[in-house]
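Worksheet: the structure to be examined is printed underneath.
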Amino acid sequence: MNYWLVKSEPIKYPWEKLVQDKKTVWDGVRNYQARNTLQAMKKGDLVLYYHSNEGLAIVGIAKVLKEQFPDPTIDDPRWVAVELGPFKALKKPITLEMCRNNDILSSMGLIRQGRLSVMPVTPEQFDKVLELSGTK
DNA sequence: GCCAACGTTGGC
DNA sequence: GCCAACGTTGGC
């Protein structure tokens with residue numbers, strides 16, 4: 001099992017909407033690094049769900065429902081999408097600031113590469129997020 | 001709303 | 001293949 005993190009602006013698609021919808025197509029990614037990460041996602045992998053711009057916190061855990069397929073929003077085979085569903089909400093959000101101040105979490109792409117919207121997370125980092133949020 | 005970071009584009 | 005210009009993202 002692998003772990004990942006995706007960013008979403010709450011104005012566009014908040015965690016609560018994912019919970020309501022039960023599933024969503026994660027499309028529109030137009031960055032090769034993020035695309036490569038999408039392609040590596042396997043069904044059943046868990047994905048930390050981060051709210052950017054507003055909230056600035058990891059608020060939930062999503063699950064990969066469907067592995068990569070061509071992005072339906074563009075007629076270009078270079079870009080792919082996956083399907084995500086809600087897995088579990090965090091009891092307490094883990095803010096960007098908490099990540100920055102934590103030895104294990106500060107090495108995440110979230111901190112080091114601010115503009116990346118899809119990135120891998122190590123099992124250690126994933127565990128730490130659950131532990132700090134009281135979700136474990 | 002500003003600005004830093006950084007990826008992409010296009011001229012040479 | 002380099003690099004300047006430009007666009008986008010996202011924190012503040």
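Because the structure is predicted, anything quoted here is derived from the model rather than measured. Only this structure's heavy atoms are used, side chains among them; waters, hydrogens and symmetry mates stay out. In what follows, every chain begins at residue 1, and chains take the letters A, B, ... in the order their sequences are listed.
- The side-chain contact (heavy atoms from CB on, under 4.5 Å) search around Met98(A) returns Ile94(A), Thr95(A), not counting sequence neighbours.
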Identify each donor-acceptor pair in which a side-chain atom of residues 121-130 of chain A lies under 3.5 Å from a protein atom, sequence neighbours left out, and give them as a table.
from: Thr122(A); atom 1: OG1; to: Gln125(A); atom 2: N; distance (Å): 3.0
from: Thr122(A); atom 1: OG1; to: Gln125(A); atom 2: OE1; distance (Å): 3.3
from: Gln125(A); atom 1: OE1; to: Thr122(A); atom 2: N; distance (Å): 2.9
from: Gln125(A); atom 1: NE2; to: Ser107(A); atom 2: OG; distance (Å): 3.1

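- Contacts between residues 94-107 of chain A and DNA chain C, counted as heavy-atom distances below 4.0 Å, involve Leu96(A), Arg100(A).
- By the salt bridge (Lys or Arg N to Asp or Glu O under 4.0 Å) test, Arg78(A) is found to be paired with Asp76(A), residues two or more places apart in sequence or in another chain being considered.
- For DNA chain B, the outermost nucleotides in 5' to 3' order that have an atom under 4.0 Å from a heavy atom of chain A are dA5(B) to dT8(B).
- The side-chain contact (heavy atoms from CB on, under 4.5 Å) test applied to Val19(A) returns Trp15(A), Pro86(A), not counting sequence neighbours.
- With sequence neighbours left out, the salt bridge (Lys or Arg N to Asp or Glu O under 4.0 Å) criterion links Asp71(A) to Arg30(A).
- Every residue two or more places apart in sequence or in another chain that forms a side-chain contact (heavy atoms from CB on, under 4.5 Å) with Lys43(A) is listed here: Glu67(A).
- Contacts of Asp103(A) classified as side-chain contact (heavy atoms from CB on, under 4.5 Å), with partners at least two apart in sequence or in another chain: none.
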